[in-house]
Amino acid sequence: MNTYQHTLPTRQPDYADDEIDLLELCATLWRGKWLITATLAIGLIPVIIWLKYQAPVYQVEALLDSTSVYDIQALQPTVLDDEGKRYQVAPLQQTAFYTALITQAGALHTQRLFWESWSKQPLSTDPRTGVSDNDRQFRRFFNALTLTPPNPKKPESTLSQISLETTEPAQGVTLLSAYVDFLNARVVEQFVIQLEKGYGSSLQQLAFDYSALQSREQQKLRDELIQLQEARRVAQSLKIIETPYAQLAGVELKVVDDRQYLLGTRVLTEEINALQARQDNPLSAFVPELRTMEYWRDIMENDLNKLHAVKAGIQAFELASPAVSSLDPVKPRKMLILLQQLSCREWWGWCSSW
């Protein structure tokens with residue numbers, strides 16, 4: 001049986017169609033050199049003119065770090081003894097200052113307050129109303145200000161950066177320095193208000209407890225005075241003027257304690273006079289607990305009064321690097337812009353000539 005084999009012709013790839021003739025390419029580009037040059041010129045000349053009149057932008061930056069325990073020591077409440085722990089105002093945490101700084105620095109409300117203080121002019125509260133020059137200047141400040149908090153992936157680094165882009169480096173340094181000082185004063189004021197609330201609450205509780213203890217002691221004094229007056233009336237009725245020591249020889253003392261009239265009218269009168277005089281004087285001289293509470297009150301009131309005197313010297317954060325301007329402009333990046341325009345225009349001119 002005959003078997004026929006049918007073989008299909010194999011097509012060889014035409015590599016010649018995929019090859020690029022470099023000589024022809026160069027010739028094509030040479031013929032379109034004027035078109036390419038004109039395209040580059042049309043694209044680059046406006047860019048060069050724009051860059052020429054574009055003001056250089058510098059970056060002013062300041063580095064901030066966490067405060068030390070010594071910088072906030074003057075604000076710390078005095079530690080009371082163990083008995084006064086219930087009235088102790090909570091001490092300030094070092095990390096809380098830095099957290100408050102990061103929060104305040106990036107808050108729009110803080111930036112508005114600073115700008116109103118800096119410009120000494122109020123800002124518009126409704127952006128839909130007419131915008132003044134001061135509002136436009138604040139918007140430029142808001143857009144130029146950048147806060148870079150510490151990197152959470154690097155806990156060993158606690159530095160934060162506040163930067164401001166400006167066309168006037170000297171004025172930018174002054175403005176950023178003023179903003180850093182404003183942040184410090186605002187953070188310190190925040191914790192001063194917190195301490196004032198703490199002292200107010202503790203002093204109120206202490207005054208309540210002091211009044212309650214004083215009322216109890218006064219009642220005890222009145223009760224004791226009534227008992228002595230009754231004993232004197234009994235002594236008078238029995239005509240006991242002096243304590244009859246001869247008759248009380250060998251008698252247990254508790255008998256005398258239970259029957260105070262045996263002390264005699266003279267002794268009882270002296271004690272009554274002493275208690276009546278005590279009513280006209282502060283009880284703290286006779287009650288140690290009241291004297292101790294007065295001591296705690298004096299300590300907290302002294303701490304409260306010194307807050308506003310010392311807050312001006314408190315550093316809520318450490319200024320690791322004061323505000324300083326960059327040596328070279330950060331905007332516009334002229335060489336990068338020119339290279340981008342050159343590449344785009346060259347590609348467009350090459351495509352047009354092809």
Side-chain angles (χ1 to χ4, degrees), residues 66-104 107 109-110 113 182-229 270-318:
S66 178
T67 186
S68 67
V69 294
Y70 304 105
D71 291 330
I72 61 175
Q73 184 63 39
L75 289 180
Q76 293 289 11
T78 302
V79 179
L80 303 180
D81 52 32
D82 292 338
E83 295 180 356
K85 288 298 183 183
R86 60 176 303 185
Y87 309 111
Q88 177 70 56
V89 177
L92 301 176
Q93 300 299 322
Q94 177 184 355
T95 55
F97 278 81
Y98 202 47
T99 303
L101 165 67
I102 301 300
T103 303
Q104 292 280 357
H109 179 65
T110 302
L113 291 177
F182 181 83
L183 286 176
N184 182 79
R186 185 161 176 82
V187 172
V188 171
E189 185 65 25
Q190 174 183 339
F191 285 95
V192 167
I193 293 175
Q194 175 182 322
L195 287 173
E196 287 177 340
K197 292 180 179 179
Y199 284 122
S201 176
S202 296
L203 286 171
Q204 184 179 15
Q205 182 63 43
L206 180 60
F208 177 81
D209 295 342
Y210 183 90
S211 178
L213 179 58
Q214 188 178 46
S215 298
R216 290 196 300 269
E217 293 298 327
Q218 288 175 345
Q219 186 61 48
K220 288 170 58 177
L221 183 61
R222 288 192 293 268
D223 294 343
E224 186 177 358
L225 187 60
I226 292 173
Q227 293 174 2
L228 291 176
Q229 288 172 344
E270 292 296 332
E271 289 193 8
I272 290 173
N273 292 337
L275 290 181
Q276 289 176 341
R278 184 181 299 183
Q279 288 181 325
D280 300 330
N281 295 302
L283 289 179
S284 57
F286 309 97
V287 183
E289 293 82 359
L290 290 176
R291 178 67 71 187
T292 302
M293 296 175 77
E294 290 178 353
Y295 172 69
W296 297 335
R297 181 191 60 196
D298 293 341
I299 289 178
M300 288 190 289
E301 287 181 347
N302 179 69
D303 287 348
L304 180 60
N305 293 332
K306 78 175 182 180
L307 286 180
H308 294 280
V310 302
K311 69 178 184 180
I314 300 299
Q315 290 296 324
F317 51 85
E318 180 182 350

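The shown structure was predicted, so the numbers you read here are calculated from the model rather than taken from an experiment. Counting begins at 1 with the first residue of the sequence.
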**Asked** What distance do Leu183 atom CG and Gln104 atom CD have between them, rounded to the nearest 0.5 Å?
**Response** 7.5 Å

**Request:** Would you please test Arg186 and Glu189 for salt bridge (Lys or Arg N to Asp or Glu O under 4.0 Å) and show each step?
**Result:** CA-CA 5 Å; Arg186 185 161 176 82; Glu189 185 65 25; over 6 Å; no

**Prompt:** Where do Leu80 and Gln88 come nearest, in terms of heavy atoms and distance?
**Reply:** N-OE1, 2.7 Å

**Side-chain touch Gln76/Leu195, heavy atoms, less than 4.5 angstrom** = no

**Prompt:** Could you go step by step and tell me if Leu283 and Leu221 meet the side-chain contact (heavy atoms from CB on, under 4.5 Å) rule?
**Reply:** CA-CA 10 Å; Leu283 289 179; Leu221 183 61; 4.2 Å; yes

**Asked** Which heavy atom in Asn184 sits nearest to a heavy atom in Ala316, and how many Å separate them?
**Response** OD1-N, 2.7 Å

**Request:** Check whether any side-chain heavy atom of Gln93 lies under 4.5 Å from a side-chain heavy atom of Thr99, and answer yes or no.
**Result:** no

**Request:** Check the pair Thr67, Leu101 against side-chain contact (heavy atoms from CB on, under 4.5 Å), reporting the backbone distance first and the verdict last.
**Result:** CA-CA 10 Å; Thr67 186; Leu101 165 67; over 6 Å; no

**Request:** Indicate yes or no: at least one non-hydrogen side-chain atom of Thr78 is less than 4.5 angstrom from one of Asn302.
**Result:** no

**Asked** More than 12 foreign heavy atoms under 6.0 Å from NZ of Lys197: is that the case here?
**Response** no

**Request:** Mind checking the CD-CZ spacing from Gln190 to Phe97? Nearest 0.5 Å is all I need.
**Result:** 9.0 Å

**Asked** Which distance, rounded to the nearest 0.5 Å, do you find between the CG of Leu225 and the CD of Gln276?
**Response** 5.5 Å

**Message:** Counting only heavy atoms from other residues, nucleotides and ligands, does the tally under 6.0 Å from CD of Gln204 exceed 12?
**Reply:** no

**Request:** Looking only at non-hydrogen atoms, find the nearest pair between Ile314 and Asp71 and report the distance.
**Result:** CD1-O, 3.5 Å

**Prompt:** Going through the distances and angles, do Val187 and Phe317 end up as a side-chain contact (heavy atoms from CB on, under 4.5 Å)?
**Reply:** CA-CA 9 Å; Val187 172; Phe317 51 85; 5.5 Å; no

**Message:** Can you confirm whether Gln214 sits close enough to Glu217 that some side-chain heavy atom of one is under 4.5 Å from a side-chain heavy atom of the other?
**Reply:** no

**Message:** Using the ring-ring contact (aromatic ring centres under 6.0 Å, His included) definition, which of the options Tyr199, Tyr210, Trp296 pairs with Tyr87?
**Reply:** Trp296

**Complete:** Heavy-atom closest pair (Pro91 atom, Pro77 atom, distance to 0.1 Å) is CA-CD, 4.0 Å

**Asked** Minimum heavy-atom separation for Ser202 to Met300, with atom names?
**Response** CB-SD, 3.7 Å

**Message:** Using a 6.0 Å cut-off, check whether atom OH of Tyr295 has over 12 heavy atoms from anything other than its own residue.
**Reply:** no

**Prompt:** Under 6.0 Å from the CD atom of Gln94, do we count more than 12 heavy atoms belonging to anything else shown?
**Reply:** yes

**Prompt:** Side chains of Arg222 and Gln219: do they bring a donor and an acceptor to under 3.5 Å?
**Reply:** yes

**Asked** From Arg216 CZ over to Leu290 CG, what is the distance, rounded to the nearest 0.5 angstrom?
**Response** 9.0 Å

**Contact check, side chains of Asp303 and Leu307, non-hydrogen atoms, under 4.5 Å** = no

**Separation between CG of Leu228 and CG of Asn273, rounded to the nearest 0.5 Å** = 10.5 Å

**Fill in**
Heavy-atom nearest pair, Ala74 first then Lys306, reads O-CE, 3.3 Å

**Message:** Between Asp209 and Gln205, do the side chains contain a donor N or O and an acceptor N or O under 3.5 Å apart?
**Reply:** yes

**Prompt:** About how many Å separate CD of Glu289 and CD of Glu83, when rounded to the nearest 0.5 Å?
**Reply:** 8.0 Å

